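Owing to the predicted nature of the structure, the values given are computational and were not obtained by experimental measurement. Note that the numbering runs from 1 along the sequence shown for the chain.
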Amino acid sequence: MALYLKYRPNNFKSIVWQEQVKDILQAEVKQDKLSSSYIFFWPRWTGKTSTARILAKAINCTWEWEKPCNKCENCKLIDSWRTLDFVEIDAASNTQVDKIREEIIDKALYPPTNLKKKIYIIDEVHMLSKSAFNALLKIMEEPPAYLNFILATTELHKVPETIISRCEVFNFKRISQENIISRLEYICKEEWFEYEKDGLALIWKISDGWLRDAIKYLEQVSIIWTITTENVSKFLWIAPERQITAFLNTISTNNLNDIFKEIEDLQNQWIDLTNFIKDILFYLDEHLLENIEENLKLINLFDEIYANIKLFPTPALAYKTVIWNKKIQFTTNNNTTKINPENKKENKKKNKKKIENTQQKKTTEVIETTKCENIKNKLISKLDSPIVKWIIKNFWEIDEKNWEIIIYIISETNFQIITQNEHKEKLETQLSSICPNKPIKIENITKEEYFEKQLNN
């Protein structure tokens, strides 16, 4: 059995990094105050479907203490798929209204035969057709007491408001680095894998924060090697951080011969040059504030290489062509700050001095910024949604000319969340109580545009 299936969560305790979800669900199960319908929302591989199955078992579990127990007859029936009272539907494969009528509406009329309640899990529910949603809505409006729906989706904005309004909505969050590494460490100990923590950290980085990918890569590397940074890099054709910093330092020299030689060396080492661009962009994102101007130039350069890489017969040729055309005009004087983790403190001090000098020259702006911070803090204290609080806290600015409240949203996903009717209405209501007669704008911009705006200001 694959490790990601073997170590899939089977109770609330084993769910990783979703405390805000599992605490509420456990309390509802314990107090028997369950909603008839739920929606689990957020990107892929954050545990939505696993949590839905755990909740289904908890609702039907006959154990009096911690639920689900995974030992009672009802839990075993659900785990082994031996009951018609527990149904999981993939909406991507059953989009038509006839399928919904056949699988849900016709069969939901009959009470459960084995379990306490009938449970329907609909995965990727946003894929349903409009007619299918309308048919589903009819039974969700007044469901029988013995019926529960658990919907899972990665694109909540595609689900009709009429469906959302009849469900409890839970926003799952992306699993943190510490929790993924901790889970990988637990699996290594259980499976007796030899490992180094730096190797697990590199797997986390490669997996881009998705736990299932991380477990898959762990299993691949562990088959023949000890899990170290060197072995992970070899097996998955990934360059270690020292190689990324070395390449960026070569770029900063503006010497085309050295740069082209470095590209050929990377290719000869069997490093995937397409993934290498992603690693560089992740690295530059992590160290962006250390040297914003230089790092933004590098981001633009590698973004262009990545966009054009499919137009060339080999990735190496794409590198060379774009770099040659750009002529990589980066700073080459004595003040050049090379990309090196050891320069963090020095760079931070320089940036701090720049900020202090700018603030001293713009006294009026400081006053306006203070007002902005006061408004922001008041608003955050009034909001009840953690994700909206996080968005407001990190991406906020006030237009001085018209005194308009502008919220800049960097992530497309965050933009979709905050522009949902429910969140937007609450946001506008709270802002109107803090700043009467102040219009609000919500804009979606890239991270580069955001920091460029900060620099221009």
How close do [X] and [Y] get, heavy atom to heavy atom, and via which atoms?
X      : Y      : value
Ala135 : Ile105 : O-CD1, 3.3 Å
Ala201 : Ile181 : CA-CD1, 3.8 Å
Asp85  : Thr113 : OD2-N, 2.9 Å
Ile180 : Ala214 : CG2-CB, 3.9 Å
Ala316 : Ile263 : CB-CG2, 3.9 Å
Ala58  : Val29  : O-CG1, 3.8 Å

Are more than 12 heavy atoms from other residues, nucleotides or ligands located less than 6.0 Å from atom [atom1] of [X]?
X      : atom1 : result
Gln177 : CD    : yes
Trp65  : CH2   : no
Lys30  : NZ    : no
Glu64  : CD    : no
Leu137 : CG    : yes
Phe312 : CZ    : yes

Step-by-step side chain to side chain contact (heavy atoms under 4.5 Å, CB included) determination, Ile203 to Ile215: CA-CA 9 Å; Ile203 288 176; Ile215 296 173; over 6 Å; no

Between the main-chain N or O of [Y] and the side-chain N or O of [X], is there a donor-acceptor pair closer than 3.5 Å?
X      : Y      : result
Glu124 : Ala152 : no
Asn148 : Ser35  : yes
Asn231 : Ile227 : no
Tyr319 : Leu273 : yes
Arg166 : Thr162 : yes

Residue pair Glu28, Tyr38: steps toward the side-chain hydrogen bond (donor to acceptor under 3.5 Å, both in side chains) verdict: CA-CA 12 Å; Glu28 288 186 356; Tyr38 297 88; 2.6 Å; yes

Say you draw a straight line from [atom1] of [X] to [atom2] of [Y]; how long is it, rounded to the nearest 0.5 Å?
X      : Y      : atom1 : atom2 : answer
Phe282 : Asn275 : CZ    : CG    : 10.0 Å
Asn171 : Leu156 : CG    : CG    : 7.0 Å
Ile175 : Glu178 : CD1   : CD    : 12.5 Å
Cys72  : Asn60  : SG    : CG    : 8.5 Å
Cys61  : Leu55  : SG    : CG    : 12.0 Å
Ile164 : Ser37  : CD1   : OG    : 12.5 Å

Given side chains that start at C-beta, do those of [X] and [Y] come closer than 4.5 Å, heavy atoms only?
X      : Y      : answer
Phe41  : Lys48  : no
Ile104 : Ile122 : yes
Ile15  : Val21  : no
Phe276 : Ile244 : yes
Phe247 : Leu266 : yes
Leu248 : Leu284 : yes
Ile150 : Ile119 : yes
Leu34  : Asp32  : yes

For [X] and [Y], which I'm curious about, is there any donor-acceptor pair between the side chains at under 3.5 Å?
X      : Y      : value
Asn179 : Ser182 : no
Ser50  : Arg8   : yes
Ser14  : Asn11  : yes

Side chain to side chain contact (heavy atoms under 4.5 Å, CB included) assessment of Phe12 paired with Leu25: CA-CA 9 Å; Phe12 285 113; Leu25 293 178; 4.0 Å; yes

Listed once per pair and sorted, the ring pair (Phe, Tyr, Trp, His ring centres under 6.0 Å) pairs that draw on residues 121-153, sequence neighbours left out: Tyr120-Phe149

Which residues share a salt bridge (Lys or Arg N to Asp or Glu O under 4.0 Å) with Glu66, sequence neighbours left out: none

Partners meeting salt bridge (Lys or Arg N to Asp or Glu O under 4.0 Å) with Asp123 (sequence neighbours left out): none

Side chain to side chain contact (heavy atoms under 4.5 Å, CB included) evaluation trace for Phe86 with Ile121: CA-CA 8 Å; Phe86 172 71; Ile121 297 174; 3.5 Å; yes

Worked check of salt bridge (Lys or Arg N to Asp or Glu O under 4.0 Å) between Lys158 and Glu155: CA-CA 6 Å; Lys158 292 184 179 180; Glu155 300 184 52; 2.8 Å; yes

Parallel, tilted or perpendicular, as decided by the 30° and 60° cut-offs, for the rings of Tyr186 and Tyr7: perpendicular

Aromatic plane relationship, Phe40 with Phe172 - under 30° parallel, 30 to 60° tilted, over 60° perpendicular: tilted

[X]/[Y] ion pair, N-O < 4.0 Å:
X      : Y      : result
Lys6   : Glu191 : yes
Asp79  : Lys57  : yes
Glu219 : Lys216 : no

Check against salt bridge (Lys or Arg N to Asp or Glu O under 4.0 Å), Glu88 and Arg53: CA-CA 9 Å; Glu88 185 174 321; Arg53 293 175 184 174; 2.8 Å; yes

Steps toward side-chain hydrogen bond (donor to acceptor under 3.5 Å, both in side chains) verdict (Asp90, Ser93): CA-CA 6 Å; Asp90 178 18; Ser93 307; 3.0 Å; yes

Leu288/Ile299 under side chain to side chain contact (heavy atoms under 4.5 Å, CB included): CA gap, chis, key distance, verdict: CA-CA 9 Å; Leu288 184 62; Ile299 287 171; 3.8 Å; yes

